[in-house]
J.: 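Take a look at this one; I'll ask things after.
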Amino acid sequence: MRLEARVTVASRGVDATLMVDAGRTLALLGSNGAGKSTVLESLAGVVRPDRARIVLDGRILAGPDRRRSVPARDRGIVLLSQDDALFPMSVLDNVAFGPRSAGRRDAAEAARGWLDRVGCADLADRRPAQLSGGQARRVAIARALAAEPRVLLLDEPFAGLDVEAASSVRALVRELLDGVTAIVTTHDALDAHALADDAAVMEAGQVVEAGAAADVLSRPRSRFAARMAGRVLIQGTMRGGRLVVDGGSSIPVTGGPGAGAWAAIAVPPTAIELALDSPVSAGDRAWVIEEVVALEPRGDHVRVHGAIAAADTDPETAVTLERGARVWCGVPRGLPAYALT
Amino acid sequence: MRSVVAAVLACALAGCASAASSGPSSGASPGDATLTVFAAASLTGVLDEVADGFEAAHPGVTVATTYAGSSDLAAQILEGAPADVLASADEETMAEVASLVDGAPTVFATNTLTLVVPEGNPARVTDLGDLADPDVVSVVCAPQVPCGAATAALAELEDVTLSPSSEEASVTGVLGKVASGQADAGVVYVTDVARAAGVEAVPIAGADAVVNRYPAAALTDAADPALAAALVAYLAGAEAQAVLADAGFGAT
Amino acid sequence: MTGPRWLAPLAIAGALLVVAPLVGLLARASWGEMWALVTAPASLEALWLSLRTATAATALVVALGVPLGFALHSLHGRVRGAVRAVLLAPLVLPPVVGGLALLYAFGRRGLLGGPLEEVGVSVAYTTAAVVLAQAFVAMPFMVVSVESALATHGSRREAIAATLGASRTRILWRITLPALGPALATGAVLAFARALGEFGATLTFAGSLAGVTRTAPLEIYLARETDPAAAVALSIVLLVVAIAVVAIAYRPVAGREAR
């Protein structure tokens with residue numbers, strides 16, 4: 001009882017393999033353009049992959065023979081797109097669309113039930129143009145669930161909403177996804193944490209890491225996956241309870257593999273302190289000598305990326321730095337290390 | 001290219017229309033003159049031949065002919081079109097422009113009606129009476145236009161109730177539908193059949209009872225009234241009459 | 001955006017070119033007799049025939065032009081360009097050429113008309129011929145409206161509807177056609193106007209018989225010979241209809257659902 005898929009869409013550089021067990025939610029993490037939407041569209045049958053093997057509950061939805069692939073309407077896989085794509089009809093008719101397509105006589109009642117569950121019962125007679133962004137997203141969610149999908153695909157379900165609407169929709173989705181087989185694309189580690197049982201990281205069209213969400217997010221194995229998880233991956237060699245990084249600095253860690261093994265710690269950049277001069281006393285941090293590789297403006301602060309770690313600083317400090325400048329990164333001691341193979 | 005466009009634009013803005021329809025006043029040397037003749041469409045071709053003869057007799061004179069339906073021509077003249085002579089296909093039309101005619105019109109030709117059928121006469125039409133048969137697809141001119149009025153008059157004289165499939169606004173419309181086989185028969189003027197391809201004439205017994213008379217007249221606005229009058233007179237003369245007779249027109 | 005000043009005189013010249021003839025027509029009208037002229041039996045008969053045939057032609061254009069627009073949209077690249085050029089030809093074809101073409105297709109000796117005649121179906125000189133001629137010249141408006149609307153429409157909603165389990169037919173009726181509504185309306189209105197104004201193809205192909213094939217434009221053409229006042233009166237009726245139709249077809253689109 002699960003969805004297994006490998007899809008290749010050459011024109012978009014996608015060649016991804018993933019798997020979701022029944023009743024679980026998979027977070028598909030990746031930056032914009034990584035191919036997340038293409039994967040979802042291929043699964044739903046909206047995009048026709050160049051090559052695909054999609055198996056749902058033992059039924060082959062797409063295989064080597066492209067002509068025999070199951071059409072979108074017969075897959076039982078519903079796509080909730082980021083643009084809502086509500087139909088030009090009343091809210092109630094939108095939600096009743098799936099049940100009606102299935103020939104259900106009680107479609108209107110079912111739709112009312114779903115509208116109630118997403119908190120939009122009073123909007124039944126509205127037209128899509130009369131809805132706020134948050135309302136439209138809720139209606140789109142109700143419409144998707146009313147179709148009773150075997151798998152629900154949510155493409156960036158909180159994108160394009162203002163902060164307030166996003167947080168209320170987030171709570172709604174968390175509640176509704178319980179027990180539903182679903183894939184949620186996001187570039188936000190927090191959403192992945194909150195919604196998903198499993199996580200997969202996509203980079204340049206490929207799934208580079210997959211596993212239980214807690215594992216993937218707290219113990220990323222690549223710098224990219226770490227970035228998706230909102231962390232900095234500091235890699236090095238284990239030596240007597242310390243992680244020795246390039247340049248010879250070492251960081252005291254807990255756990256981790258035996259001496260000589262390649263290991264890493266995943267650190268939130270906010271936990272790392274930046275110093276421009278050699279720190280006078282070490283304090284509770286291990287200091288790593290760094291060379292500035294890139295400066296990334298992030299609203300009210302600037303993230304300074306080094307060859308090994310990264311840390312945040314204020315813009316006033318950032319303007320004094322340039323590529324190649326020498327800085328010190330203060331990493332908390334005693335973080336759990338894990339092996340990289 | 002740009003200069004051509006500019007010239008055309010300048011021309012359009014400055015009103016080249018009057019220059020294009022150059023009358024004798026357009027600055028040619030004395031003796032050189034252009035005579036503009038508005039002539040009924042049924043005179044197409046034959047009047048050019050007549051004009052050649054007139055030009056030969058009047059060195060330095062060029063006759064420019066414009067052919068159209070008589071009613072159109074009358075309407076254009078009433079709207080101020082620069083014409084020296086009008087040669088109409090019927091006297092009613094001439095009467096419409098009477099106020100602009102210099103002297104009395106001269107009738108210079110006559111025309112009678114005939115049946116016209118597609119080559120081979122597939123429906124075996126032999127007389128005007130056959131056009132009362134609903135199985136024969138016939139087209140005639142609408143009674144509002146001269147050829148239609150004549151057709152209606154003839155049908156009444158012959159005591160035939162026509163059942164046309166279409167009433168055309170012009171002889172050309174009738175000929176076109178007969179020539180293309182859309183119609184089995186039509187009624188047009190004898191001279192029209194002579195000029196048309198793909199059709200045959202089937203004479204109507206008693207067609208002489210309805211004779212169409214072609215009047216010509218010089219117009220009061222003619223640039224050279226004497227020359228205009230000379231052309232009108234020439235039309236009635238022996239030379240012109242011979243050419244007209246060759247084209248199937250009857251004598252006056 | 002306001003252009004340079006020297007555009008103004010040219011714009012005025014352009015406006016004159018368009019407006020002057022219309023004013024000329026209005027100036028020639030005998031307003032006192034207007035009502036009597038328009039309600040004269042011949043005029044009414046022609047107007048009524050025009051109304052009926054143009055409505056029938058519009059219905060035919062909607063029924064066939066919409067599927068044609070979809071089919072055209074589904075083609076790709078050069079093939080689409082070539083097919084579009086052929087389908088839109090009646091738009092720019094001289095009407096008399098259209099009439100000849102119809103004649104050689106549906107006329108008594110035409111490609112299709114000949115065999116039809118054999119089995120006793122005669123199109124020529126019937127009101128159906130008028131409708132055919134009008135639909136022929138009006139079809140491009142619908143095809144081009146549908147095709148360009150589809151081009152900007154995208155297929156997002158259709159894709160989502162498919163994942164919700166809807167059949168293609170259901171998607172067409174419930175999603176695509178409602179979304180194309182404004183374009184369909186514009187296409188239909190323009191097609192109606194074009195059908196109403198059809199003259200050349202009708203004259204060449206269908207003939208001119210009062211009450212059967214003599215539509216308002218043909219009546220104007222004929223009346224202008226004998227009764228210019230009636231011709232002008234009918235012309236003004238058609239002018240008013242034309243202006244109204246254009247005003248409707250190019251009305252500012254308000255409240256179109258974006259989400």
Side-chain angles (χ1 to χ4, degrees), chain B residues 9-10 12-15 41 68-76 78-79 88-90 92-93 96 118-120 122-123 134-149 162-184 186 198, chain C residues 9-10 12-14 16-17 24 27-28 42 45-46 96 99-110 113-114 117 120 122-127 129-130 199-200 202-215 217-232:
Chain B
L9 260 179
L13 293 172
S70 296
S71 319
D72 279 343
L73 294 174
Q76 285 171 22
L78 288 172
E79 300 288 344
S88 156
D90 66 337
E92 288 77 8
T93 310
E96 282 176 33
E119 258 173 3
D135 288 340
V136 174
V137 176
S138 61
V139 287
V140 298
C141 290
Q144 290 92 321
V145 297
C147 64
L162 299 173
S163 61
S165 288
S166 179
E167 295 174 348
E168 300 292 325
S170 70
V171 166
T172 331
V174 175
L175 282 175
K177 288 196 163 55
V178 172
S180 67
Q182 277 297 98
D184 298 322
Chain C
L10 291 175
I12 291 169
L16 267 180
L17 185 62
R28 191 51 67 91
E45 195 172 32
V96 65
L100 278 181
L102 283 163
L103 192 64
Y104 295 137
F106 298 107
R108 291 174 81 206
R109 292 183 182 174
E117 197 86 10
S122 188
V123 179
Y125 305 116
T126 63
T127 306
V130 178
F199 169 70
T202 308
L203 191 65
T204 317
F205 170 56
S208 167
L209 194 65
V212 181
T213 52
R214 189 175 296 153
T215 55
L218 270 67
E219 175 64 26
I220 291 171
Y221 184 61
L222 194 60
R224 138 208 94 100
E225 304 250 348
T226 48
D227 193 355
V232 170

J.: From B:Q144 CD over to C:Y221 OH, what is the distance, rounded to the nearest 0.5 angstrom?
T.: 13.0 Å

J.: Under 4.5 Å heavy-atom distance to chain B, tell me which part of C:L203 shows up: side chain, backbone, both or neither.
T.: both

J.: Working to the nearest 0.5 Å, report the span between CZ of C:R108 and NZ of B:K177.
T.: 12.5 Å

J.: Okay, side chain of B:S166, backbone of C:S208: is any donor-acceptor separation there less than 3.5 Å?
T.: yes

J.: Is C:T204 in contact with chain B via its backbone, its side chain, both, or neither, using a 4.5 Å heavy-atom distance?
T.: backbone

J.: Where does B:A183 contact chain C at under 4.5 Å (heavy atoms): side chain, backbone, both or neither?
T.: both

J.: Considering non-hydrogen atoms only, spot the tightest contact between B:P164 and C:L209 and give its length.
T.: O-CD2, 3.5 Å

J.: If every non-hydrogen atom of C:R109 is compared with every non-hydrogen atom of B:S180, which pair is closest and at what distance?
T.: CD-O, 3.9 Å

J.: If you look at every heavy atom in B:Q182 and C:G107, which pair is closest and at what distance?
T.: OE1-CA, 3.0 Å

J.: Is B:P143 in contact with chain C via its backbone, its side chain, both, or neither, using a 4.5 Å heavy-atom distance?
T.: neither

J.: Residues in side-chain hydrogen bond (donor to acceptor under 3.5 Å, both in side chains) with B:T93, at least two apart?
T.: B:D90

